[in-house]
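Working notes for the structure below.
The basis for the numbers below is simple: all heavy atoms, side chains too, and nothing from hydrogens, waters or symmetry mates. None of the values given here were measured: they were computed from a predicted structure. The first residue in the sequence is number 1, and the count goes up from there.
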Amino acid sequence: MAEEAEVEMETAAGAVPVPFQLQLDKSIPFQINIAEWNPEKDLLAMVTEDSKVVLHRFNWQRLWMISPGKCITSLCWRPDGKVIALGLEDGSILLHDVENGKLLKSIKSHSVAVICLNWEEEAHIEKGEIDSAFVYEDRTRRFFPPAPRVPRMPGLNAGDAGFMDDLEDTFHELSTSPRQHFNMLSSGDKDGCICFSIFGIFPIGKINIHKLSLCAPFLDKTATFQLLNASIHQLALSKDLSQLVVLSFGELEENLVKPKGKNFSHTGDSSVGLHCLLLNTSIFLDRKNELQQVAQQASSIEDLVEVVRASLSVMSKQWSEAMHSFHEKFDPLSSLIVSHGLDSNPQDEFLSVLFGARTSPPLHQFLVNSLGEAGLKRVCKAVDTAGKELHSVIHEHLQPAVEIIGFRIAELRGLSRWRARYHIIGLDEKLIDSATEKAGMLLVHVERFLRILAIVLYQFQNFFNWVLRYIKILMSEPIDQIQPANSELIVVFLKFLLDHDPIGELLEVNKIIEVDVDTMQRIEQLVMFGGYSDTNYLEKTLSDEFNQLEQCLKEAFLLQFTTISQKIHCEDLMPLYKVGYTPEVSSSDAPTSIFYYKGDHGATSEVCTDGDSRVDYICFKVPDESLELTNCIGIIRGFANGLDPVQKRVTSPEAILLCIPDAFQCIDLSLYKENQIVLLLNEATSTSESTMRSLVMMVQISDFCFLPLSRRTPANLWTLQILKASAVDMHLEIGKVRYISEPVTSPLAVSASRGLACVFTSRRHAMVYILDEDEDETSDID
């Protein structure tokens, strides 16, 4: 075993306990590209080289494996560990249930690959603050049963034809329950766009860092910058959701406004590199209650809109198939009339028989030979079945969804009138009023559709009974068991329904329904009583009314999206290191880690003024060509804490540059709890992979002496150039080291909440270590 060789090496070095207890060593059949521990459970999610997601327990028991069918580029967990988010190459983000891997939601916030994901939850409210906290109750469940699910298309299985599986009730509970803490999913793509989604399901903002004016407050006040050709490499939202730290590869372009009598320039020979940005997202902190309330209503409305859309699609398909069967059986009568040389049409032939005339040869041939009793019964069954299915879809899906949409929009309408709290987040009263009216009109159209459907189905049934009765008369069969038909209704059917389809017209798009003048005048008179302003609603189809409602909702939610996006801006910029090649190449080989520690762990009093606040730590591997030094790791702390809004002063972040021993190369790194960093190193001097060693190393970074960064117009713009002369050699003796007898590969999966690390080797082994426990060397030898 590889671990036995490890223990022998450690024993030969000295009789001391081996750091980090090895929990398991398992062979795996695939290469791992991404791995993340669940923040609340002993579960490890892994993305394989062929973009399959595998979920394992701590004991390596596999729970499930899924394949989205597209390349997975990023992964993260919701803070409560119940949902996993996958970023795809096409810009989609998929949310899956941790219990069974089932797809819960798919959102398309990006147009290119999602490079990084970060899901952060608001800090938990202290007990003393619960009474004063504003708690919002979703009253929908008081008045309505559980929301309807998306209807299945007949003849298709779940997931076919683009329809998602049934929405899980548990997912609605997890995403919109008042007990759910406010959380935000942030995502960054390779084109420099960052998107924000409340609960991971309701998009609330989007920025493009190429369009941001980047001004470093510590540099010359007249200098602003822009990032070109930038991609988002990593991002992390602060625990209070008020700041976002972004690591981005790109080209920094400087826009200078020269003060009178002064010259400003920097001598950096390259502007392409890794840059650290600090974005102000305080709108999430300041208005989290308002945003949570709106997101709960709006996300439910969007789900219900999908229910309505799917319902209309299912209804249209079912009814069109029934009408196809009807016309397939009855249209041949026209051809028979022409072939017999008669100057008439099917309506005239049926009316002639209805009023007592003799049956014409083409009608006789059609009823006895072409249609027959069996064919008529099949058509009758098809229409009757379609009618029942439409009734079922309307009563179980469409109508409840429209009713709940109306109620939830009314809730938003009430919130929109509280302008002092909701106008600032873009909840516009006029747009919500318009959507409220459209929701009411859609409900009116549903009721109208039900009445027309009932009339049409009765007309069809009456006509089929009459035709069946007449066929039996022609066949000289008894008609005692067939109910007599209503002759007046048959005339109406032949005039208005034989060649027309009012049900199909109501399900069409861009179709104008004819309404008599008297009815239109009465509708215009009713406008004075209030409640609606659209006097032409009867001329619209059910589908058109739904499309108008959807457009009103899009406009209302888009205003919120735009308003929040405009309130997110850049507060600080720190160029870290330069590279001599394109950002696309550099971003693929740049281990980074961002973590927030309690402020009393090694931070200076300037960096942290509140004992409960947290200090950001940014750790990254420095490419060898960026400095004259090689094999270096940079650590910066207090970058997001540099602006103190309470004392209204600027404090300097601190940094250190660590040089790894030349005998090893850094493969990956991860910041860990209690101001520690875990490094994954491969031996660099070995000539053969079979003899190469590697190691896992944990170092207490608070033991190092961090240097304050002076931000006053440096001669060179790059931060690490300032630290190069103060680089610290990092020896293996200063940390806890666990040797591995074979080379390792990225990723390094570290769980701060569970105290675990999973290491993957080039020979396709997965090793899980307990970081907080040492292994007794005598037990290993045994």
Side-chain angles (χ1 to χ4, degrees), residues 34 36 45 47 51-55 64-78 82-119 147-153 156-176 180 183-191 193-206 295-296 298-311 313-314 397 401 550 553-554 557-558 561:
I34 307 172
E36 289 285 344
V47 178
S51 286
K52 293 179 180 178
V53 183
V54 187
L55 186 67
W64 46 258
M65 174 187 284
I66 58 173
S67 177
K70 298 177 181 178
C71 180
I72 301 174
T73 52
S74 54
L75 176 151
C76 80
W77 289 94
R78 198 168 72 175
K82 296 180 179 179
V83 178
I84 187 171
L86 305 176
L88 304 185
E89 192 174 33
D90 67 349
S92 300
I93 299 176
L94 308 182
L95 305 183
H96 289 265
D97 190 351
V98 67
E99 296 295 332
N100 49 26
K102 188 174 184 179
L103 178 64
L104 300 174
K105 188 79 173 180
S106 174
I107 56 177
K108 187 69 180 297
S109 300
H110 300 267
S111 57
V112 294
V114 181
I115 301 299
C116 52
L117 293 167
N118 174 253
W119 208 332
R149 298 177 176 180
V150 175
R152 291 279 178 83
M153 185 68 74
L156 296 181
N157 297 321
D160 292 342
F163 287 97
M164 290 180 59
D165 294 344
D166 293 340
L167 294 176
E168 292 289 339
D169 297 334
T170 54
F171 180 60
H172 289 290
E173 174 70 20
L174 291 172
S175 61
T176 61
Q180 175 75 11
N183 58 73
M184 186 73 65
L185 175 63
S186 308
S187 54
D189 65 32
K190 70 175 185 179
D191 279 354
C193 290
I194 302 174
C195 296
F196 304 91
S197 299
I198 301 176
F199 301 125
I201 59 177
F202 182 64
I204 196 62
K206 182 177 183 178
Q296 285 177 342
S299 59
S300 295
I301 289 173
E302 290 184 339
D303 287 340
L304 292 168
V305 164
E306 293 303 317
V307 173
V308 175
R309 188 197 318 280
S311 299
S313 179
V314 170
H397 303 278
E550 187 178 21
L553 292 173
K554 285 182 178 179
F557 297 155
L558 179 61
F561 186 89

Could you tell me if the side chain of [Y] sits less than 4.5 Å from the side chain of [X], heavy atoms only?
{"X": "H96", "Y": "I66", "answer": "yes"}
{"X": "R78", "Y": "F199", "answer": "no"}
{"X": "F202", "Y": "S197", "answer": "no"}
{"X": "L88", "Y": "T73", "answer": "no"}
{"X": "C76", "Y": "L185", "answer": "yes"}
{"X": "S92", "Y": "L86", "answer": "no"}
{"X": "H110", "Y": "C195", "answer": "yes"}
{"X": "I84", "Y": "L55", "answer": "no"}

At their closest point, which heavy atom of [X] faces which heavy atom of [Y], and how far apart are they?
{"X": "L304", "Y": "A147", "result": "CD2-CB, 4.0 Å"}
{"X": "L117", "Y": "A85", "result": "CD1-O, 3.7 Å"}
{"X": "A45", "Y": "W77", "result": "CB-CZ2, 3.5 Å"}
{"X": "S51", "Y": "C71", "result": "OG-CA, 3.2 Å"}

Using 0.5 Å steps for rounding, measure from the [atom1] atom of [X] to the [atom2] atom of [Y].
{"X": "L95", "Y": "L104", "atom1": "CG", "atom2": "CG", "answer": "7.0 Å"}
{"X": "Q296", "Y": "I198", "atom1": "CD", "atom2": "CD1", "answer": "9.5 Å"}
{"X": "K105", "Y": "L94", "atom1": "NZ", "atom2": "CG", "answer": "12.0 Å"}
{"X": "L75", "Y": "W119", "atom1": "CG", "atom2": "CH2", "answer": "11.0 Å"}
{"X": "S187", "Y": "N118", "atom1": "OG", "atom2": "CG", "answer": "10.0 Å"}

**Asked** Do K206 and S109 pass the side chain to side chain contact (heavy atoms under 4.5 Å, CB included) test, and can you show the C-alpha distance, the side-chain angles, and the key distance before you say yes or no?
**Response** CA-CA 9 Å; K206 182 177 183 178; S109 300; over 6 Å; no
Would you say [X]'s side chain and [Y]'s backbone share a donor-acceptor pair under 3.5 angstrom?
{"X": "D191", "Y": "C193", "answer": "no"}
{"X": "H397", "Y": "R149", "answer": "yes"}
{"X": "S74", "Y": "V114", "answer": "yes"}

**Request:** Decide if atom NZ of K70 counts as having more than 12 heavy atoms of other residues, nucleotides or ligands within a radius under 6.0 Å.
**Result:**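 It does not: K70 NZ has 12 such atoms or fewer within range.
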**Non-neighbouring partners of E550 that pass side-chain contact (heavy atoms from CB on, under 4.5 Å), sequence neighbours left out** =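 Scan of E550 (side-chain contact (heavy atoms from CB on, under 4.5 Å), adjacent residues dropped) gives V305, R309, F546, N547, K554.
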**Prompt:** Could you walk me through whether E302 and I201 pass the side chain to side chain contact (heavy atoms under 4.5 Å, CB included) check?
**Reply:** CA-CA 10 Å; E302 290 184 339; I201 59 177; over 6 Å; no
